[in-house]
Amino acid sequence: MATAQSFALIDCNNFYVSCERVFNPALEGKPVVVLSNNDGCVVSRSNEAKQAGVKMGVPLFKITDLVRSHGIITLSSNYALYGDLSARTMSLLGKFCPQEVYSIDECFLDFSAIKDRNQHGLMIKQAVKQGIGLPVCIGIGPSKTLAKLSNYIAKKYPQSEGVFDIASLSESKQDLLFRSIDVGEVWGVGRRLLQKLNRMGIMTVKDLRDANAERIKQSFNVVVQRMVLELQGISCSALDNSSAPRKQIISSRSFGNTVRTLGELEEALTSYAKYAIEKLHSDGTQAHIVQVFIQTSRFAQGEDYYGDYESLRLANPSNDENIILPTALSLLQRIFKPGYAYQRAGIALMELTPAQSQQLSLFSMTAQTQTKTEDEPPKAERLKQVLNMTNSALGSNALYLAGQTLKEERWRSRSEHRTPAYTTSWDDLPIAQA
DNA sequence: TCTGGGGTCCTAGGACCC
DNA sequence: TCTGGGGTCCTAGGACCC
(Lines give C-alpha, C1' and ligand atoms only; values in the text may rest on other atoms or scores of the structure.)
Protein backbone atom coordinates (compact mmCIF):
# COMPACT_ATOMS: atom_id res chain seq x y z
CA MET A 1 0.00 0.00 0.00
CA ALA A 2 1.33 3.41 -0.90
CA THR A 3 1.84 5.83 1.98
CA ALA A 4 -0.43 8.87 1.93
CA GLN A 5 1.25 12.02 0.75
CA SER A 6 2.20 14.45 3.51
CA PHE A 7 3.83 17.86 3.59
CA ALA A 8 5.19 19.85 6.50
CA LEU A 9 5.56 23.61 6.36
CA ILE A 10 8.22 24.96 8.69
CA ASP A 11 7.91 28.69 9.28
CA CYS A 12 10.09 30.81 11.55
CA ASN A 13 8.07 32.90 13.99
CA ASN A 14 8.42 36.67 13.45
CA PHE A 15 11.56 35.88 11.51
CA TYR A 16 13.45 39.20 11.40
CA VAL A 17 12.66 40.05 15.01
CA SER A 18 13.68 36.53 16.08
CA CYS A 19 17.01 36.91 14.23
CA GLU A 20 17.70 40.12 16.12
CA ARG A 21 16.89 38.37 19.39
CA VAL A 22 19.36 35.58 18.69
CA PHE A 23 22.17 38.11 18.99
CA ASN A 24 20.55 40.41 21.51
CA PRO A 25 18.68 38.38 24.13
CA ALA A 26 17.78 41.62 25.93
CA LEU A 27 15.09 42.04 23.24
CA GLU A 28 13.34 38.92 24.54
CA GLY A 29 9.89 39.60 25.97
CA LYS A 30 9.87 43.19 24.73
CA PRO A 31 7.83 44.78 21.95
CA VAL A 32 10.17 44.93 18.93
CA VAL A 33 9.61 45.80 15.27
CA VAL A 34 11.93 45.60 12.27
CA LEU A 35 11.55 48.29 9.60
CA SER A 36 11.76 48.06 5.83
CA ASN A 37 14.53 49.70 3.84
CA ASN A 38 14.64 53.42 4.42
CA ASP A 39 13.09 52.79 7.84
CA GLY A 40 9.74 53.20 6.10
CA CYS A 41 7.33 50.47 7.13
CA VAL A 42 7.05 47.77 9.77
CA VAL A 43 7.94 44.42 8.18
CA SER A 44 8.31 42.19 11.22
CA ARG A 45 6.75 42.38 14.70
CA SER A 46 7.32 40.53 17.94
CA ASN A 47 4.21 39.10 19.59
CA GLU A 48 4.38 41.93 22.14
CA ALA A 49 4.35 44.50 19.32
CA LYS A 50 1.38 42.74 17.71
CA GLN A 51 -0.45 42.86 21.02
CA ALA A 52 0.31 46.56 21.31
CA GLY A 53 -1.65 46.97 18.08
CA VAL A 54 1.12 47.49 15.50
CA LYS A 55 -0.20 46.35 12.12
CA MET A 56 1.92 44.66 9.48
CA GLY A 57 3.21 47.05 6.81
CA VAL A 58 2.21 50.23 8.61
CA PRO A 59 4.47 53.26 8.00
CA LEU A 60 6.59 54.12 11.03
CA PHE A 61 5.46 57.75 11.07
CA LYS A 62 1.88 56.65 11.64
CA ILE A 63 2.62 54.82 14.88
CA THR A 64 4.91 57.25 16.69
CA ASP A 65 2.43 57.53 19.58
CA LEU A 66 2.16 53.76 19.91
CA VAL A 67 5.95 53.43 19.82
CA ARG A 68 6.32 55.94 22.62
CA SER A 69 3.51 54.74 24.84
CA HIS A 70 4.47 51.07 24.64
CA GLY A 71 8.23 51.54 24.53
CA ILE A 72 8.44 49.68 21.23
CA ILE A 73 11.99 49.06 20.05
CA THR A 74 12.43 49.90 16.35
CA LEU A 75 15.23 48.29 14.34
CA SER A 76 16.37 48.89 10.76
CA SER A 77 16.42 45.73 8.69
CA ASN A 78 19.72 43.90 8.51
CA TYR A 79 19.42 41.58 5.53
CA ALA A 80 22.97 40.25 5.72
CA LEU A 81 22.16 38.85 9.16
CA TYR A 82 18.75 37.44 8.18
CA GLY A 83 20.10 35.87 4.99
CA ASP A 84 22.87 34.15 6.88
CA LEU A 85 20.61 32.76 9.62
CA SER A 86 18.15 31.65 6.95
CA ALA A 87 20.85 29.72 5.08
CA ARG A 88 21.93 27.96 8.28
CA THR A 89 18.35 27.09 9.19
CA MET A 90 17.50 25.73 5.74
CA SER A 91 20.64 23.66 5.67
CA LEU A 92 19.76 22.13 9.05
CA LEU A 93 16.14 21.41 8.02
CA GLY A 94 17.25 19.83 4.76
CA LYS A 95 18.94 17.08 6.76
CA PHE A 96 15.63 15.72 8.04
CA CYS A 97 13.56 15.18 4.87
CA PRO A 98 13.44 16.11 1.18
CA GLN A 99 13.10 19.89 1.16
CA GLU A 100 11.72 22.76 -0.86
CA VAL A 101 12.98 26.15 0.29
CA TYR A 102 10.03 28.44 -0.25
CA SER A 103 11.14 31.79 1.15
CA ILE A 104 13.69 33.34 3.47
CA ASP A 105 11.87 31.94 6.50
CA GLU A 106 9.81 29.00 5.22
CA CYS A 107 10.35 25.61 3.74
CA PHE A 108 8.31 22.52 2.92
CA LEU A 109 9.51 19.08 3.94
CA ASP A 110 8.21 15.82 2.49
CA PHE A 111 6.72 13.98 5.47
CA SER A 112 5.18 11.13 3.43
CA ALA A 113 7.63 8.58 4.80
CA ILE A 114 7.31 9.71 8.42
CA LYS A 115 5.29 7.50 10.77
CA ASP A 116 4.65 9.68 13.81
CA ARG A 117 4.43 13.05 12.11
CA ASN A 118 3.56 15.08 15.15
CA GLN A 119 6.47 13.65 17.09
CA HIS A 120 8.84 14.23 14.17
CA GLY A 121 7.66 17.84 13.95
CA LEU A 122 8.32 18.44 17.64
CA MET A 123 11.80 17.00 17.27
CA ILE A 124 12.60 19.28 14.30
CA LYS A 125 11.26 22.31 16.13
CA GLN A 126 13.52 21.51 19.07
CA ALA A 127 16.54 21.02 16.80
CA VAL A 128 16.15 24.46 15.19
CA LYS A 129 15.77 26.12 18.58
CA GLN A 130 18.90 24.41 19.88
CA GLY A 131 21.03 24.60 16.76
CA ILE A 132 20.19 28.09 15.51
CA GLY A 133 18.25 29.76 18.30
CA LEU A 134 15.15 30.46 16.21
CA PRO A 135 11.57 29.55 17.18
CA VAL A 136 9.54 27.84 14.46
CA CYS A 137 6.02 26.51 13.97
CA ILE A 138 5.25 23.44 11.89
CA GLY A 139 2.05 22.69 9.99
CA ILE A 140 1.41 19.25 8.52
CA GLY A 141 -1.15 18.18 5.90
CA PRO A 142 -1.79 16.12 2.77
CA SER A 143 -1.29 19.13 0.44
CA LYS A 144 0.86 22.23 0.60
CA THR A 145 -2.22 24.41 1.04
CA LEU A 146 -3.34 22.33 4.02
CA ALA A 147 0.19 22.35 5.46
CA LYS A 148 0.13 26.16 5.27
CA LEU A 149 -3.26 26.24 6.94
CA SER A 150 -2.04 23.85 9.65
CA ASN A 151 0.87 26.16 10.25
CA TYR A 152 -1.55 29.05 10.77
CA ILE A 153 -3.43 26.89 13.29
CA ALA A 154 -0.19 25.87 15.04
CA LYS A 155 0.69 29.54 15.48
CA LYS A 156 -2.76 30.53 16.63
CA TYR A 157 -3.43 27.79 19.19
CA PRO A 158 -0.76 27.55 21.94
CA GLN A 159 -2.00 24.12 23.01
CA SER A 160 -0.56 22.76 19.75
CA GLU A 161 2.95 23.49 21.09
CA GLY A 162 3.81 24.89 17.69
CA VAL A 163 3.20 21.69 15.73
CA PHE A 164 -0.14 20.78 14.18
CA ASP A 165 -1.18 17.96 11.84
CA ILE A 166 -4.57 18.50 10.21
CA ALA A 167 -4.87 14.77 9.56
CA SER A 168 -4.96 14.15 13.32
CA LEU A 169 -8.48 15.61 13.47
CA SER A 170 -11.70 13.69 12.80
CA GLU A 171 -13.81 14.85 9.88
CA SER A 172 -16.35 16.55 12.10
CA LYS A 173 -13.65 18.38 14.05
CA GLN A 174 -12.04 19.53 10.80
CA ASP A 175 -15.42 20.88 9.69
CA LEU A 176 -15.84 22.75 12.93
CA LEU A 177 -12.34 24.23 12.69
CA PHE A 178 -12.61 25.18 9.01
CA ARG A 179 -15.94 26.86 9.66
CA SER A 180 -14.22 29.10 12.22
CA ILE A 181 -11.43 30.29 9.91
CA ASP A 182 -11.89 33.17 7.47
CA VAL A 183 -11.37 32.19 3.83
CA GLY A 184 -8.85 35.03 3.56
CA GLU A 185 -6.40 32.90 5.54
CA VAL A 186 -6.10 30.39 2.70
CA TRP A 187 -2.75 30.51 0.89
CA GLY A 188 -3.30 32.42 -2.35
CA VAL A 189 -6.42 34.34 -1.29
CA GLY A 190 -5.49 38.01 -1.32
CA ARG A 191 -7.54 41.16 -0.95
CA ARG A 192 -9.20 41.12 -4.37
CA LEU A 193 -9.99 37.44 -4.44
CA LEU A 194 -11.41 37.64 -0.91
CA GLN A 195 -13.90 40.30 -1.99
CA LYS A 196 -15.02 38.27 -4.97
CA LEU A 197 -15.36 35.07 -2.94
CA ASN A 198 -17.33 36.89 -0.24
CA ARG A 199 -19.70 38.29 -2.85
CA MET A 200 -20.42 34.69 -3.87
CA GLY A 201 -21.19 33.80 -0.25
CA ILE A 202 -17.89 32.00 0.35
CA MET A 203 -16.83 33.29 3.74
CA THR A 204 -14.96 30.51 5.52
CA VAL A 205 -12.33 27.91 4.69
CA LYS A 206 -15.09 25.29 4.85
CA ASP A 207 -17.17 27.18 2.26
CA LEU A 208 -14.27 27.17 -0.19
CA ARG A 209 -13.34 23.55 0.48
CA ASP A 210 -16.93 22.44 -0.18
CA ALA A 211 -17.35 24.53 -3.34
CA ASN A 212 -17.65 22.78 -6.70
CA ALA A 213 -14.16 22.80 -8.21
CA GLU A 214 -15.40 22.90 -11.82
CA ARG A 215 -17.74 25.79 -11.16
CA ILE A 216 -14.98 27.64 -9.33
CA LYS A 217 -12.80 27.22 -12.40
CA GLN A 218 -15.54 28.78 -14.53
CA SER A 219 -16.03 31.73 -12.16
CA PHE A 220 -12.34 32.28 -11.46
CA ASN A 221 -9.42 30.38 -12.96
CA VAL A 222 -7.28 27.28 -12.53
CA VAL A 223 -5.43 28.83 -9.60
CA VAL A 224 -8.56 29.04 -7.44
CA GLN A 225 -9.68 25.63 -8.64
CA ARG A 226 -6.41 24.19 -7.36
CA MET A 227 -7.00 25.84 -3.98
CA VAL A 228 -10.32 24.01 -3.67
CA LEU A 229 -8.76 20.67 -4.58
CA GLU A 230 -5.83 21.17 -2.23
CA LEU A 231 -8.21 22.05 0.62
CA GLN A 232 -9.97 18.75 -0.10
CA GLY A 233 -6.64 17.01 0.42
CA ILE A 234 -5.85 16.47 -3.27
CA SER A 235 -2.28 17.63 -3.78
CA CYS A 236 -1.88 19.68 -6.98
CA SER A 237 1.66 20.89 -6.36
CA ALA A 238 4.50 18.48 -5.73
CA LEU A 239 7.53 19.21 -3.59
CA ASP A 240 9.99 21.07 -5.79
CA ASN A 241 13.55 20.59 -4.57
CA SER A 242 15.14 21.51 -7.87
CA SER A 243 16.12 24.95 -6.51
CA ALA A 244 15.18 26.33 -9.91
CA PRO A 245 17.37 29.22 -10.96
CA ARG A 246 16.06 32.73 -10.55
CA LYS A 247 14.37 34.15 -13.64
CA GLN A 248 15.09 37.79 -12.99
CA ILE A 249 17.01 40.05 -10.67
CA ILE A 250 15.54 43.34 -9.54
CA SER A 251 17.46 45.92 -7.59
CA SER A 252 15.65 49.06 -6.53
CA ARG A 253 15.22 51.35 -3.56
CA SER A 254 13.23 54.31 -2.40
CA PHE A 255 15.53 57.26 -1.83
CA GLY A 256 16.26 58.73 1.58
CA ASN A 257 15.36 62.11 0.06
CA THR A 258 13.78 62.83 -3.29
CA VAL A 259 16.20 63.83 -6.03
CA ARG A 260 15.70 66.02 -9.08
CA THR A 261 18.86 65.80 -11.15
CA LEU A 262 19.90 63.25 -13.71
CA GLY A 263 23.32 63.10 -12.03
CA GLU A 264 21.88 61.92 -8.73
CA LEU A 265 19.69 59.35 -10.45
CA GLU A 266 22.77 58.10 -12.29
CA GLU A 267 24.64 57.67 -9.01
CA ALA A 268 21.77 55.77 -7.42
CA LEU A 269 21.18 53.61 -10.47
CA THR A 270 24.89 52.81 -10.72
CA SER A 271 24.84 51.58 -7.16
CA TYR A 272 21.74 49.41 -7.71
CA ALA A 273 23.08 48.07 -11.00
CA LYS A 274 26.33 47.12 -9.33
CA TYR A 275 24.44 45.18 -6.71
CA ALA A 276 22.38 43.40 -9.37
CA ILE A 277 25.52 42.51 -11.32
CA GLU A 278 27.12 41.10 -8.16
CA LYS A 279 24.09 38.85 -7.86
CA LEU A 280 24.53 37.72 -11.47
CA HIS A 281 28.10 36.77 -10.67
CA SER A 282 27.24 34.91 -7.48
CA ASP A 283 24.43 33.05 -9.30
CA GLY A 284 26.72 32.34 -12.25
CA THR A 285 24.22 33.78 -14.71
CA GLN A 286 24.04 36.43 -17.38
CA ALA A 287 21.18 38.65 -18.48
CA HIS A 288 19.75 39.22 -21.93
CA ILE A 289 17.44 42.13 -21.09
CA VAL A 290 18.17 45.26 -19.08
CA GLN A 291 15.26 47.31 -17.80
CA VAL A 292 15.43 50.59 -15.90
CA PHE A 293 12.62 52.41 -14.11
CA ILE A 294 12.14 55.67 -12.19
CA GLN A 295 9.18 56.97 -10.20
CA THR A 296 8.09 60.02 -8.26
CA SER A 297 6.21 59.51 -5.01
CA ARG A 298 2.61 58.36 -5.23
CA PHE A 299 1.93 60.05 -1.91
CA ALA A 300 3.35 63.53 -2.54
CA GLN A 301 0.55 66.08 -2.36
CA GLY A 302 0.18 68.67 -5.10
CA GLU A 303 2.78 67.01 -7.33
CA ASP A 304 2.05 65.12 -10.52
CA TYR A 305 3.02 61.50 -10.50
CA TYR A 306 5.49 60.43 -13.13
CA GLY A 307 6.95 57.01 -13.64
CA ASP A 308 8.33 55.23 -16.68
CA TYR A 309 10.55 52.39 -17.70
CA GLU A 310 12.57 51.34 -20.74
CA SER A 311 14.23 48.09 -21.58
CA LEU A 312 16.79 46.89 -24.07
CA ARG A 313 17.67 43.43 -25.31
CA LEU A 314 21.44 43.08 -25.42
CA ALA A 315 23.03 41.68 -28.57
CA ASN A 316 24.49 38.94 -26.35
CA PRO A 317 23.58 37.91 -22.80
CA SER A 318 26.07 39.51 -20.44
CA ASN A 319 27.18 39.81 -16.83
CA ASP A 320 29.76 42.45 -17.67
CA GLU A 321 29.61 45.76 -15.83
CA ASN A 322 31.09 47.50 -18.82
CA ILE A 323 28.12 46.47 -20.91
CA ILE A 324 25.25 46.50 -18.44
CA LEU A 325 26.08 49.79 -16.73
CA PRO A 326 26.33 51.98 -19.85
CA THR A 327 23.17 50.33 -21.14
CA ALA A 328 21.32 51.10 -17.92
CA LEU A 329 22.52 54.70 -17.87
CA SER A 330 21.47 55.29 -21.46
CA LEU A 331 18.03 53.83 -20.72
CA LEU A 332 17.80 56.19 -17.77
CA GLN A 333 18.51 59.17 -20.02
CA ARG A 334 15.64 58.14 -22.27
CA ILE A 335 13.06 58.17 -19.48
CA PHE A 336 14.40 61.02 -17.34
CA LYS A 337 12.27 64.16 -17.40
CA PRO A 338 13.49 67.27 -15.62
CA GLY A 339 11.22 68.99 -13.11
CA TYR A 340 10.12 65.98 -11.09
CA ALA A 341 11.05 64.99 -7.55
CA TYR A 342 12.05 61.37 -8.00
CA GLN A 343 11.53 59.01 -5.12
CA ARG A 344 12.65 55.65 -6.43
CA ALA A 345 14.69 54.04 -9.18
CA GLY A 346 15.60 50.53 -10.09
CA ILE A 347 17.06 48.09 -12.55
CA ALA A 348 15.78 44.68 -13.59
CA LEU A 349 17.91 42.07 -15.32
CA MET A 350 15.79 39.53 -17.18
CA GLU A 351 16.02 36.36 -19.24
CA LEU A 352 18.82 34.98 -17.13
CA THR A 353 20.85 32.07 -18.47
CA PRO A 354 23.87 30.19 -17.12
CA ALA A 355 27.00 32.23 -17.75
CA GLN A 356 29.00 29.49 -19.46
CA SER A 357 26.43 28.86 -22.20
CA GLN A 358 27.09 32.20 -23.83
CA GLN A 359 26.18 32.46 -27.49
CA LEU A 360 28.48 34.95 -29.17
CA SER A 361 27.28 36.83 -32.16
CA LEU A 362 29.43 36.76 -35.24
CA PHE A 363 30.35 40.36 -34.58
CA SER A 364 31.60 39.89 -31.02
CA MET A 365 33.49 36.72 -31.92
CA THR A 366 35.33 38.63 -34.57
CA ALA A 367 36.00 41.49 -32.20
CA GLN A 368 37.33 39.15 -29.57
CA THR A 369 39.66 37.19 -31.82
CA GLN A 370 41.15 40.44 -32.94
CA THR A 371 41.91 41.84 -29.50
CA LYS A 372 42.55 38.77 -27.41
CA THR A 373 46.06 37.43 -27.08
CA GLU A 374 46.80 33.92 -25.92
CA ASP A 375 46.12 32.98 -22.31
CA GLU A 376 45.15 36.49 -21.46
CA PRO A 377 41.62 36.99 -20.25
CA PRO A 378 39.86 39.91 -21.90
CA LYS A 379 40.27 43.25 -20.15
CA ALA A 380 36.68 43.38 -19.00
CA GLU A 381 37.06 39.95 -17.45
CA ARG A 382 40.15 41.00 -15.49
CA LEU A 383 38.52 44.21 -14.25
CA LYS A 384 35.55 42.16 -13.08
CA GLN A 385 37.80 39.73 -11.23
CA VAL A 386 39.67 42.51 -9.49
CA LEU A 387 36.44 44.25 -8.44
CA ASN A 388 34.95 41.05 -7.11
CA MET A 389 38.05 39.94 -5.23
CA THR A 390 38.65 43.32 -3.66
CA ASN A 391 35.06 43.84 -2.65
CA SER A 392 34.62 40.42 -1.15
CA ALA A 393 37.84 40.88 0.82
CA LEU A 394 37.34 44.45 1.97
CA GLY A 395 33.57 45.01 1.96
CA SER A 396 31.35 45.89 -0.93
CA ASN A 397 32.25 49.57 -1.15
CA ALA A 398 36.03 49.21 -1.11
CA LEU A 399 36.27 49.68 -4.87
CA TYR A 400 33.54 51.39 -6.81
CA LEU A 401 32.89 52.51 -10.32
CA ALA A 402 33.36 56.10 -11.35
CA GLY A 403 29.63 56.90 -11.51
CA GLN A 404 29.28 55.93 -7.87
CA THR A 405 30.60 58.71 -5.67
CA LEU A 406 30.86 58.84 -1.92
CA LYS A 407 30.00 62.50 -1.47
CA GLU A 408 26.72 63.56 0.06
CA GLU A 409 24.15 61.16 -1.28
CA ARG A 410 20.64 62.45 -0.84
CA TRP A 411 19.29 59.28 -2.41
CA ARG A 412 21.01 56.90 0.01
CA SER A 413 18.46 55.00 2.12
CA ARG A 414 18.01 55.90 5.73
CA SER A 415 18.90 53.17 8.15
CA GLU A 416 19.11 54.71 11.56
CA HIS A 417 18.45 51.73 13.80
CA ARG A 418 20.80 49.19 12.24
CA THR A 419 22.22 46.38 14.35
CA PRO A 420 25.64 44.92 13.50
CA ALA A 421 26.09 42.21 10.86
CA TYR A 422 27.15 39.76 13.58
CA THR A 423 27.72 36.76 11.37
CA THR A 424 28.92 38.18 8.07
CA SER A 425 31.27 41.05 8.88
CA TRP A 426 34.57 40.73 10.74
CA ASP A 427 34.14 44.19 12.21
CA ASP A 428 30.80 43.23 13.73
CA LEU A 429 31.77 39.97 15.44
CA PRO A 430 30.36 40.00 18.96
CA ILE A 431 33.07 40.46 21.60
CA ALA A 432 33.13 37.92 24.41
CA GLN A 433 33.66 39.54 27.79
CA ALA A 434 35.99 37.75 30.20
C1' DT B 1 10.13 64.91 7.34
C1' DC B 2 8.51 59.80 6.99
C1' DT B 3 4.38 54.98 2.97
C1' DG B 4 9.52 48.19 1.36
C1' DG B 5 11.68 45.27 -1.98
C1' DG B 6 12.05 41.10 -4.59
C1' DG B 7 9.86 37.57 -6.61
C1' DT B 8 6.32 34.13 -9.34
C1' DC B 9 2.40 32.75 -12.04
C1' DC B 10 -1.59 33.46 -14.96
C1' DT B 11 -4.47 35.72 -18.38
C1' DA B 12 -6.21 38.77 -21.82
C1' DG B 13 -5.39 40.81 -25.89
C1' DG B 14 -2.66 42.27 -29.85
C1' DA B 15 0.20 40.97 -33.79
C1' DC B 16 1.06 37.87 -37.04
C1' DC B 17 0.63 33.81 -39.92
C1' DC B 18 -1.73 30.31 -42.60
C1' DT C 1 -10.59 44.09 -51.80
C1' DC C 2 -13.23 41.29 -49.00
C1' DT C 3 -13.91 37.63 -45.82
C1' DG C 4 -13.12 33.81 -41.81
C1' DG C 5 -11.26 30.92 -38.27
C1' DG C 6 -7.65 29.16 -35.73
C1' DG C 7 -3.15 28.83 -34.03
C1' DT C 8 1.14 30.74 -31.87
C1' DC C 9 3.91 34.00 -29.75
C1' DC C 10 4.68 37.97 -27.09
C1' DT C 11 3.75 41.48 -23.68
C1' DA C 12 1.54 44.15 -20.17
C1' DG C 13 -0.72 44.00 -16.22
C1' DG C 14 -3.12 41.86 -12.38
C1' DA C 15 -2.85 39.26 -8.31
C1' DC C 16 -0.52 37.14 -4.96
C1' DC C 17 3.37 35.75 -1.88
C1' DC C 18 6.95 36.67 1.83
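Chain A is the first sequence line, chain B the second, and so forth, proteins listed ahead of strands; every chain is numbered from 1.
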Participant: Would you indicate what A:Leu60 reaches in the nucleic acid, counting non-hydrogen atoms under 4.0 angstrom: base, sugar-phosphate, or nothing?
Facilitator: nothing
Participant: So if I take every side-chain heavy atom of A:Ile250 and compare against B:dG7, C:dC16, B:dT11, which nucleotide ends up nearest?
Facilitator: B:dG7
Participant: What integer distance in Å separates A:Asn151:CG from C:dC17:C1'?
Facilitator: 14 Å
Participant: Under 5.5 Å between ring centres and under 30° between planes: true for A:Trp187 and the base of C:dC17?
Facilitator: no
Participant: What contact category does A:Ile249 fall into here, base, sugar-phosphate, or nothing, at under 4.0 angstrom with non-hydrogen atoms?
Facilitator: sugar-phosphate
Participant: Of the nucleotides B:dC10, B:dT3, C:dC18, which one has an atom closest to the side chain of A:Cys41?
Facilitator: B:dT3
Participant: Which base, if any, makes a Watson-Crick or G-U wobble pair with B:dC18, both distances under 3.5 Å?
Facilitator: C:dG5
Participant: Describe the nucleic acid contact of A:Asp39 in one word from base, sugar-phosphate, nothing, applying a heavy-atom distance below 4.0 Å.
Facilitator: nothing
Participant: Taking any heavy-atom pair under 4.0 Å as a contact, classify A:Arg253: base, sugar-phosphate, or nothing.
Facilitator: sugar-phosphate
Participant: How long is the span from the OG atom in A:Ser86 to the OH atom in A:Tyr16, to the nearest 0.5 Å?
Facilitator: 9.0 Å
Participant: Considering every strand and a 4.0 Å limit on heavy-atom distances, what is the contact class for A:Asn221: base, sugar-phosphate, or nothing?
Facilitator: sugar-phosphate
Participant: Applying a 4.0 Å non-hydrogen cut-off, can you work out what A:Lys196 is touching in the nucleic acid: base, sugar-phosphate, or nothing?
Facilitator: nothing
Participant: What's the CZ-C1' distance between A:Phe220 and C:dG14, to the nearest Å?
Facilitator: 15 Å
Participant: May I ask you to decide whether A:Lys155 forms a salt bridge with A:Asp11, counting only side-chain N to carboxylate O separations under 4.0 Å?
Facilitator: yes
Participant: Less than 4.0 angstrom between a side-chain N/O of A:Arg226 and OP1 or OP2 of B:dC9, yes or no?
Facilitator: no
Participant: Consider only side-chain N and O atoms of A:Ser237 and A:Arg226, and report whether a donor and an acceptor are under 3.5 Å apart.
Facilitator: no
Participant: Of the nucleotides B:dC10, B:dC2, B:dG4, which one has an atom closest to the side chain of A:Phe61?
Facilitator: B:dC2
Participant: For B:dG7, take OP1 and OP2 only and decide whether either is under 4.0 Å from a side-chain N or O of A:Ser103.
Facilitator: no
Participant: Identify whether any heavy atom of A:Ser297 sits under 4.0 Å from a base atom; if not, whether one sits that close to sugar-phosphate; answer base, sugar-phosphate or nothing.
Facilitator: nothing
Participant: Under 4.0 Å, heavy atoms only, any strand: does A:Tyr102 hit a base, just the sugar-phosphate, or nothing?
Facilitator: sugar-phosphate
Participant: Is A:Lys279 paired with A:Asp283 through a side-chain N to carboxylate O contact shorter than 4.0 Å?
Facilitator: no
Participant: For A:Tyr309, report the nucleic acid contact type (base, sugar-phosphate, nothing); a contact means any heavy atom under 4.0 Å.
Facilitator: sugar-phosphate
Participant: Can you see if the side chain of A:Lys62 gets near the phosphate of B:dT1 - specifically, an N or O under 4.0 Å from OP1 or OP2?
Facilitator: no
Participant: Remember a base hit wins even if backbone is also touched, and classify A:Gln343 as base, sugar-phosphate or nothing at under 4.0 Å, heavy atoms.
Facilitator: sugar-phosphate
Participant: Rounding to an integer number of angstrom, what distance separates C:dC17 and B:dG4 when you compare their C1' atoms?
Facilitator: 14 Å
Participant: Looking at every strand, decide which applies to A:Glu106 at a 4.0 Å heavy-atom threshold: base, sugar-phosphate, or nothing.
Facilitator: sugar-phosphate
Participant: When the distance from NZ of A:Lys144 to C1' of B:dT8 is rounded to whole Å, what number comes out?
Facilitator: 13 Å
Participant: Identify whether any heavy atom of A:Val189 sits under 4.0 Å from a base atom; if not, whether one sits that close to sugar-phosphate; answer base, sugar-phosphate or nothing.
Facilitator: sugar-phosphate
Participant: Which nucleotide in the set C:dC18, C:dA15, B:dG4 lies at the smallest distance from any side-chain heavy atom of A:Asp105?
Facilitator: C:dC18
Participant: Side-chain contact test, heavy atoms from C-beta onward, threshold under 4.5 Å: evaluate it for A:Ser271 versus A:Arg412 and give yes or no.
Facilitator: yes
Participant: Does A:Arg414 have a side-chain nitrogen or oxygen under 4.0 Å from the phosphate oxygens OP1 or OP2 of B:dC2?
Facilitator: no
